[in-house]
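Given the structure is predicted, the values throughout are model-derived calculations rather than measurements. Residues: numbered from 1 along the sequence shown.
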Amino acid sequence: MGGRVLIALGGNAMTAPDGSASPADQHRAVGEAMTHVAALIRAGHEVVLTHGNGPQVGNILLKNQLSAGVVPPVPLDWCVAQTQGTIGTLVMNALQRELGHARVAAVVTRTLVDADDPAFRDPVKPIGRYFGEDEARRFEGEGQVWRRFDRGWRRVVASPRPVEILDAAAAVALIEAGFTVVAAGGGGVPVVRRPDGVLTGIEAVVDKDLAAAALAVAVGATDLVIATDVPYASVDFGTPRARPIGDVGVAALRALQAAGHFAGGSMGPKVEAALRFAEAGGNQAVITSLHHIGAALSGNIGTRVSRGVEG
């Protein structure tokens with residue numbers, strides 16, 4: 001038997017190559033992704049899945065905006081919970097098509113964040129679609145924060161660090177009962193604990209890669225695989241000097257991170273998540289493309305991070 005592997009699926013596993021997130025596109029993309037996941041399960045790995053949800057949340061936000069005069073808009077934490085249910089159902093159906101009578105379950109998962117996290121004072125995470133300035137100003141009048149980008153105006157929200165995956169115990173119970181579990185989709189439904197101890201949802205987005213690292217530790221995963229659209233993380237990415245990173249130790253990767261090699265909006269959170277998992281005692285964290293997850297676990301491709309590697 002292989003180990004307990006947590007696979008974090010990026011947005012490319014949930015949408016068409018051009019980023020389209022129509023229902024048909026999502027069915028096809030998730031079906032393709034699950035062929036690779038099913039191969040790991042057949043090989044004897046115990047698999048736990050988590051996933052991104054950016055395009056799906058963007059679609060819900062657009063519906064909120066277009067129908068606000070008819071149906072009350074729902075808060076961002078509700079949007080994340082809705083995508084967990086939708087994408088979780090797609091994954092369950094696709095895996096059962098691949099594996100026959102596989103036992104698959106999706107867990108609506110909350111992620112605790114700190115109400116005093118500095119991210120709440122400086123929202124920088126873009127969500128939803130681009131709009132013109134007039135519409136952005138109108139939404140600002142409703143209490144939202146919008147910023148101008150090259151392609152137009154876009155809403156930004158806080159992206160606080162995950163403190164705890166609150167429903168990890170439910171995932172573990174299902175895993176130990178023989179289920180392949182989908183959990184903490186979209187980074188988890190963000191919640192804070194009030195002074196009276198009550199949990200309440202909050203307008204924020206938790207980075208799904210950082211949440212994946214926290215979930216992997218909480219469920220006792222031996223390996224963390226962060227599936228993206230490139231086979232390796234790279235040094236000097238986007239330049240003629242670019243070179244892929246293969247086996248790498250925690251100290252060496254921290255040094256590359258400190259030198260600014262990993263962009264904050266793309267590879268940066270993936271590298272940080274891999275480091276956190278390795279530092280917490282995980283066997284290895286792998287960053288690679290979805291098509292290579294099996295080979296990466298075998299050590300044949302991908303950026304593989306572990307404490308036992310010197311370089």
task: Report whether Leu6 and Leu174 are members of the same hydrophobic cluster (ILVMFWY, side-chain heavy atoms less than 4.5 Å apart, transitive linking).
output: yes
- prompt: Taking all atoms of both residues into account, what is the closest heavy-atom pair of Lys208 and Ala8, and its distance?
  reply: NZ-O, 4.1 Å
- request: With side chain to side chain contact (heavy atoms under 4.5 Å, CB included) as the test, would you mind laying out the steps for Val182 and His51 before giving the verdict?
  value: CA-CA 8 Å; Val182 188; His51 57 79; 3.8 Å; yes
- prompt: Within a radius of less than 6.0 Å around CZ of Arg129, do more than 12 heavy atoms belonging to other residues, nucleotides or ligands occur?
  reply: no
query: Below 4.0 angstrom, N of the basic side chain to O of the carboxylate: do Asp229 and Lys270 qualify?
result: no
field: Cluster overlap Val108 with Val172, hydrophobic side-chain contacts below 4.5 Å
entry: no
query: Would you find a donor on one side and an acceptor on the other, under 3.5 Å apart, between the side chain of Thr111 and the backbone of Pro162?
result: no
message: Quick one, Asn64 and Trp78 - any side-chain contact, counting heavy atoms below 4.5 Å?
response: no
message: Any side-chain to backbone donor/acceptor pair from Arg4 onto Val219? Under 3.5 Å, distance only.
response: yes
message: Classify the ring geometry of Phe139 against Trp146: parallel below 30°, tilted from 30° to 60°, perpendicular beyond 60°.
response: parallel
field: Heavy-atom closest pair, residues Ala170 and Val107
entry: CB-CG1, 4.4 Å
- prompt: Roughly how far apart are Gln284 CD and Leu224 CG, rounded to 0.5 Å?
  reply: 9.5 Å
- prompt: Shortest non-hydrogen contact from Ala274 to Ile287?
  reply: CB-CD1, 4.2 Å
- prompt: With a 4.5 Å limit on heavy-atom distance, are the side chains of Leu275 and Arg254 in contact?
  reply: yes
message: Check for me, please, whether Val145 and Val206 land in the same ILVMFWY cluster - side-chain distances under 4.5 Å, paths through other members count.
response: no
Residue pair Arg193, Leu199: steps toward the side chain to side chain contact (heavy atoms under 4.5 Å, CB included) verdict: CA-CA 5 Å; Arg193 197 181 302 278; Leu199 294 167; 3.8 Å; yes
task: Count the heavy atoms of every other residue, nucleotide or ligand shown that sit under 6.0 Å from CZ of Arg147, and state whether that count exceeds 12.
output: yes
- request: Salt-bridge test for Glu133 and Arg138: reply yes if a basic N is under 4.0 Å from a carboxylate O, no otherwise.
  value: no
- prompt: Can you find a heavy atom in the side chain of Val225 that is under 4.5 Å from one in the side chain of Leu40?
  reply: no
task: Answer yes or no: is there a side-chain heavy-atom contact under 4.5 Å between Asn93 and Val30?
output: no
field: Evaluation steps, side chain to side chain contact (heavy atoms under 4.5 Å, CB included), between His36 and Ile7
entry: CA-CA 11 Å; His36 303 289; Ile7 302 172; over 6 Å; no
message: Could you check whether any side-chain N or O of Asp223 sits under 3.5 Å from a backbone N or O of Val5, counting only pairs where one atom can act as donor and the other as acceptor?
response: no
task: Report the distance from atom CZ of Phe277 to atom CZ of Arg307, rounding to the nearest 0.5 Å.
output: 10.0 Å
query: So, does Thr239 use its side chain to make a donor-acceptor pair with the main chain of Arg241 at under 3.5 Å?
result: yes
task: For Gly132 and Trp153, work out which heavy atoms get closest and say how close.
output: C-CD1, 4.0 Å
task: Spell out, as yes or no, whether a donor-acceptor pair under 3.5 Å connects the side chain of Asp207 to the backbone of Leu210.
output: yes
- line: For Ala158 and Pro123, the nearest pair of non-hydrogen atoms, with its separation, is N-CB, 3.7 Å
message: With a 3.5 Å distance limit and no angle check, can you tell me whether Gln26 reaches the backbone of Ala21 through a side-chain donor-acceptor pair?
response: yes
- request: Nearest 0.5 Å please: distance from the CD1 atom of Ile127 over to the CZ atom of Arg154.
  value: 8.5 Å
query: So with a 6.0 Å cut-off around CZ of Arg42, is the heavy-atom count from everything else above 12?
result: yes
- request: Evaluate the side-chain proximity of Val286 to His292: yes if any heavy-atom separation is below 4.5 Å, no if none is.
  value: no
- prompt: Is there side-chain contact between Asp236 and Arg243, with at least one heavy-atom pair below 4.5 Å?
  reply: no
message: Donor-acceptor check, side chain of Thr288 to backbone of Ile293, threshold 3.5 angstrom: yes or no?
response: no
statement: Taken to the nearest 0.5 Å, the spacing of Arg155 CZ from Phe131 CZ works out to 11.0 Å
- line: Residues passing the side-chain contact (heavy atoms from CB on, under 4.5 Å) test with Arg28, sequence neighbours excluded, are Ala24, Asp25
query: Okay, side chain of Thr303, backbone of Ala233: is any donor-acceptor separation there less than 3.5 Å?
result: yes
message: Does Asp196 have more than 12 heavy atoms from other residues, nucleotides or ligands lying within 6.0 Å of its CG?
response: yes
- prompt: Taking Ser234 for the side chain and Ala242 for the main chain, is one N or O donor matched with an acceptor at less than 3.5 Å?
  reply: no
query: Any sub-3.5 Å donor-acceptor pair from Gln84's side-chain atoms to Thr109's backbone N or O?
result: yes
query: Just how far is it from atom CE of Met14 to atom CG of Leu90, taken to the nearest 0.5 Å?
result: 8.5 Å
field: Leu9 and Met34: CA distance, side-chain angles, deciding distance, side chain to side chain contact (heavy atoms under 4.5 Å, CB included) verdict
entry: CA-CA 10 Å; Leu9 299 169; Met34 289 309 106; 3.6 Å; yes
field: Side-chain heavy-atom pair Tyr232, Ile301 within 4.5 angstrom cut-off
entry: yes
task: Kindly give the heavy-atom pair with the smallest separation between Cys79 and Val74, and that separation in Å.
output: SG-CG2, 3.9 Å
message: Take a 6.0 Å sphere around CZ of Phe120 and say whether it holds more than 12 heavy atoms from other residues, nucleotides or ligands.
response: yes
query: Can you get from Val104 to Ile87 by hopping between Ile, Leu, Val, Met, Phe, Trp and Tyr side chains that sit under 4.5 Å apart?
result: yes
- prompt: If you measure from CG on Asn53 to CG on Asn59, what distance do you get to the nearest 0.5 Å?
  reply: 11.0 Å
In one Ile/Leu/Val/Met/Phe/Trp/Tyr side-chain cluster, 4.5 Å: Val192, Leu76: no
- prompt: Given side chains that start at C-beta, do those of Leu95 and Val47 come closer than 4.5 Å, heavy atoms only?
  reply: no
